[in-house]
Amino acid sequence: MSRTPLIHGPRPDLEIPTDGKSVFPAPIPVTGEFRGTAELILSNPMSDPNPPPSLSIPNPLLSFTHFSPFLSTSTPNPNPSSTYDVDVSFQVKRKRTGVRRKAPLDSSLQASPPPHPPLPPQTFPQIAYSINNSLNKPNPVPDISEEIIVINKEATNEALTALTLGFPADSITDEEIEAGVISSIGGIEQVNYILIRNHILSRWRENVSNWLTKEFLSSVLPPHCEVLLNSAYNFLVSHGYVNFGVAPAIKEKIPAEPTKQTVVIVGAGLAGLAAARQLMRFGFKVVILEGRKRSGGRVYTKKMEGADKFAAADLGGSVLTSTLGNPLGIIGKQLGSSFHKVRDKCPLYRPDGKPVDPDVDIKLENAFNRVLEKMSRLRKSMGEVAMDISLGAALETFRQVYGDAVTDEEMNLFNWHLANLEYANAGLLSKLSLAFWDQDDPYDMGGDHCFLPGGNGRFIQALAENVPILYEKTVHTIRYGADGVQVIAGGQVYEGDMALCTVSLGVLKNGSIKFSPELPQRKLDGIRRLGFGLLNKVAMLFPYVFWSTDVDTFGHLSEDPSRRGEFFLFYSYATVAGGPLLIALVAGEAAHNFESMPPMDAVSKILQILRGKFKEDQKSSSCNHSGRNLSSIRSFYPSRNLLLFLHKPASVYGLYGSSPGRRQFFSPLFLQAATSSQATGSAQATAPLPATAACQIATAYSTRRDIYKPQGIDVPDPLQSVCTRWGTDSFSLGSYSHVAVGASGDDYDILAESVGDGRLFFAGEATTRRYPATMHGAFLSGLREAANITRHANARALNIEVERSISKNTRSCAALLEDLFREPDLEFGSFSVIFGGKTCDPKPAAILRVALGSLKKSGCDGIRADQQHLNKLLFQQLQSHYNQQQQQQLHVYTLLSQQQALELREVRGGDEMRLHYLCEKLGVKLMNRKGLGSTADSVIASIKAERGNPRSLEASRLTKE
């Protein structure tokens, strides 16, 4: 029986990404006795079922402990979404986009937050000591340390800077290897290159408004390092790690006239703008085709105004995450802007408007984290089965079994945390992969979450300056071939040598753009597997700030689990937007329902939350329509709107309630029935609202205000409100990506692959495995593709072939197993078996497949839900959830002998008893197809080879039960 690969989380002491050729603090693997040779090992059995053999590399410095951390050449897991080292604490997911909050805990009991970025507690200090100690030794070892360059005494800090940018401290990345930055991996040359690389990164970040020159750097390096300096400098500049952005010294490097080929870019979002600016500086001729009337894509800052108040509202991407290494932080510095840290304090309020009891808040916060930890251990034990199970199914299973939330308030709190997870991923928990939903956590850059004062539109405005953008050009066809590309928008054809597609994953999923020839099936499958979720917002400009100014966020609990994400979180932008701006978030299932909610109803519900829950027993009995809400009143007048709202382009609806005449009727909103033509913004005569409806609403709002009057809080009417509709915006069709059930981090890499021999490229947040669903991820993907386009263009000019480095396709095993199990050697109930070798020999291994979606019961009612059978209960519940959500069979596998398979067939009592016998008596673990390991590969190969020879059906099949 093969060892089951484990699925669990990134090491808590190693959150810094190190995807080059080593992962510290793991020791350097050495073959046999020490002979100065290290092994280059690909250790990822689940993403690569056929790993390459070990590659021996001479390494003369392994015996010198001071430098050995820099000389490790063991390859890390190229798919961190598949294999981790220890359990993950799932609540770190909120670092990315979900709100980070602290439960109201006494300050004396709060632990100090770890510094960012988190460092291995012992290994990195040891490396730092080794570097500095080695550089300052008065009597270095002859013939070795004399070749190690001494740049300064800041090697530790410079290594730390490189770490925050995604570079390992002691090795080089795959990008650097592909670029050929050094002649051979390992040895002194690699050490010197790393020191030079880290120094360049650090020096530019000392003053990001200047253009860092090679001549400036050469003054601190010995002459014999000129080749390595050229290599490191050229790589970092061409790949956008230094000398990028919008500073005057960088903009002046753009040539007046292009000298290279033409690139057509589809989409003027962050990815398209970043790529365009970089390509223009490289000398390419660039044109961007943008369907909207504006640039920015899903980053949109709208100016809101009313009376004498103004504010800048970020209706799309808003929070700048992980600012320590974030390239948009560099852009902000170049713009001369400071950032506002989003404070962790986030008070929660019950549905009736009262604050959540602090003790209950702390209790449920801890309970929720316990559920996440238990779920983490579950996915570890499940192996690759977790790939086909949703995060929501596992969470709900543990909640039901352990019953951490028991009262109504506790259940509401639990659902609030679920809504926050759905916000972080822009996806329903029932769609997120249990195995890989947080696969990007190890790459967190560290640092605070921040707002940019004035809105992220400042980034867009600066990046779009002097970039040739053609607006209102909706692309519907992209043709690519050996002679170049044709991008068709309407009746116009734009020709170029290469094209860069930066449209959203939602647009790709929808098939809005036709590719000719069709995209490779590999890429189409990746597009289908990845998820693309939804987040919506309601931005409200008020006459004044009535909420607490010592918080940036506060939450609201819902009594309805299906609406847990409806206005569950409020962001205060009063300190950064220029006016009293409040933004309510809508996540999860509520975000989808919100798409069809009238804007007036949305604002009405938010005001109910802010003013307090309306209580039925306090309604006036004199109102005939007292039991109806705004929606029901509106249904009496289908041709009219209670409020004037303007239809905005793309994803935004405006809602205005600042008419001077509204106070002539009653507050909070000017309740007059506008004719349907007013929905387009044209002025029309209005008619007064019928008295019955007016009475109902007036009484309701009067009652709500009575709740807060004793507290001295008066919630005013908003001067202007705006609702987003990202799901129905034809240029986005959603908000941002996530790893759905059945997908993995591999799919981000697949989406990033170019097609057509370097003619068609792809960028955007859904093409970056490290930083998906983030603004900086989109920006970095644009810089990445600018480097790739340049590399292909240069190779084409020199008539050389570019080596393709595609991500590993881990699904070939699935197709092969599917074919083999079409004709099993043994079949009984929901169990199927194929044998490796002759069926008359009981010794060869066999592969067992269980179809969980069709498990057949005997006459019993199933297994009792007691502690003794807890694991089985969990498995059944996960299976039940999976069937409800996916409506398809789940196949799990294991290796066993033919004799064991025959014994299993003889077990009576139905499939449940067989499953019990398999797990309890034989001690077998069921796993996903990719978890079978290398032992199964040989069995599969032998079965395939044997079935290639003629044989009779009677010899190959045993009798079915």
Side-chain angles (χ1 to χ4, degrees), residues 94 98-110 113 304 306 309-314 318-319 338-362 364-365 409 412-413 416-417 419-420 423 448-453 455 537-558 566-587 603 605-613 668 704-721:
R94 287 174 289 183
V99 62
R100 291 193 289 189
R101 68 178 294 266
K102 293 179 180 178
L105 190 63
D106 183 80
S107 59
S108 63
L109 301 178
Q110 295 186 22
M304 299 182 64
K309 302 296 181 181
F310 301 88
D314 278 322
S318 55
V319 182
S338 58
F339 293 93
H340 172 79
K341 176 187 175 182
V342 181
R343 290 164 286 189
D344 289 342
K345 184 179 179 182
C346 180
L348 300 180
Y349 296 90
R350 300 184 334 198
D352 61 4
K354 296 180 181 179
V356 171
D357 181 83
D359 293 334
V360 178
D361 193 356
I362 295 171
L364 258 294
E365 179 96 9
E409 182 176 12
N412 294 340
L413 269 170
W416 186 92
H417 287 290
N420 194 36
Y423 161 40
D448 298 320
H449 287 189
C450 296
F451 291 139
L452 176 68
K537 300 181 179 182
V538 179
M540 297 162 291
L541 178 66
F542 288 93
Y544 54 85
V545 176
F546 58 86
W547 56 92
S548 175
T549 57
D550 65 345
V551 298
D552 293 313
T553 57
F554 59 91
H556 164 255
L557 276 56
S558 173
E566 184 178 272
F567 316 125
F568 83 103
L569 185 66
F570 290 80
Y571 271 106
S572 167
Y573 280 80
T575 56
V576 295
L581 181 69
L582 198 62
I583 293 184
L585 302 188
V586 191
V603 174
K605 288 185 177 183
I606 293 173
L607 290 177
Q608 290 182 36
I609 292 172
L610 297 176
R611 288 171 171 153
K613 186 79 171 176
R704 293 185 191 110
R705 289 189 172 187
D706 286 343
I707 295 176
Y708 281 90
K709 279 183 180 179
Q711 303 178 34
I713 299 176
D714 184 22
V715 178
D717 307 332
L719 301 173
Q720 183 186 4
S721 300

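Listed by chain and number, the residues in a side chain to side chain contact (heavy atoms under 4.5 Å, CB included) with Pro543 are Pro716, Leu719 (sequence neighbours excluded). Not counting sequence neighbours, the partners of Phe546 by the ring-ring contact (aromatic ring centres under 6.0 Å, His included) test are Phe542. By the side chain to side chain contact (heavy atoms under 4.5 Å, CB included) test, Ala574 pairs with Val545, Trp547, Ser572, sequence neighbours left out. Partners of Tyr573 according to the ring-ring contact (aromatic ring centres under 6.0 Å, His included) rule, which considers only residues two or more places apart in sequence or in another chain, are Phe451. Residues satisfying the side-chain hydrogen bond (donor to acceptor under 3.5 Å, both in side chains) test with Thr575, not counting sequence neighbours, are none. Remark: Asp552 pairs with His340, Arg343 by the side-chain hydrogen bond (donor to acceptor under 3.5 Å, both in side chains) rule, at least two apart or across chains. The side chain to side chain contact (heavy atoms under 4.5 Å, CB included) search around Ala311 returns Leu541, Ala577, Leu581, not counting sequence neighbours.
Between the OH atom in Tyr349 and the CH2 atom in Trp416 there is a gap of 12.5 Å [rounded to 0.5 Å]. In this structure, CG on Leu557 lies 10.0 Å from CG on Asp352, to the nearest 0.5 angstrom. Going from atom CD1 of Ile362 over to atom CG of Leu413 covers 11.5 Å, rounded to the nearest 0.5 Å.
Nearest heavy-atom pair across Arg350 and Glu409 is CD-OE2, 3.3 Å. Pairing each heavy atom of Phe568 with each of Ala587, the nearest pair is CE2-CB, 3.9 Å. Smallest separation of non-hydrogen atoms from Ser558 and Asn412: O-OD1, 3.1 Å. Nearest heavy atom pair, residue Ser721 against residue Met540, reads OG-CG, 3.5 Å. Here the closest non-hydrogen pair linking Pro351 and His556 is CA-NE2, 4.0 Å.
Using a 4.5 Å cut-off on side-chain heavy atoms (C-beta onward), Ile609 and Phe570 make contact. With a 4.5 Å cut-off on side-chain heavy atoms, Glu365 and His417 count as touching. Between Asp550 and Lys345, the closest side-chain pair of non-hydrogen atoms falls below 4.5 Å. Tyr571 has its side chain out of reach of Val576: every pair of non-hydrogen atoms, C-beta onward, lies at least 4.5 Å apart. Considering only heavy atoms from C-beta on, Asp361 stays 4.5 Å or farther from Pro355 through its side chain. Leu610 has its side chain out of reach of Phe567: every pair of non-hydrogen atoms, C-beta onward, lies at least 4.5 Å apart.
Looking at Asp448, its side chain never comes within 3.5 Å of a backbone N or O of Cys450 through a donor-acceptor pair.
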- Item | Asp717 and Arg611: CA distance, side-chain angles, deciding distance, salt bridge (Lys or Arg N to Asp or Glu O under 4.0 Å) verdict | CA-CA 11 Å; Asp717 307 332; Arg611 288 171 171 153; 2.9 Å; yes

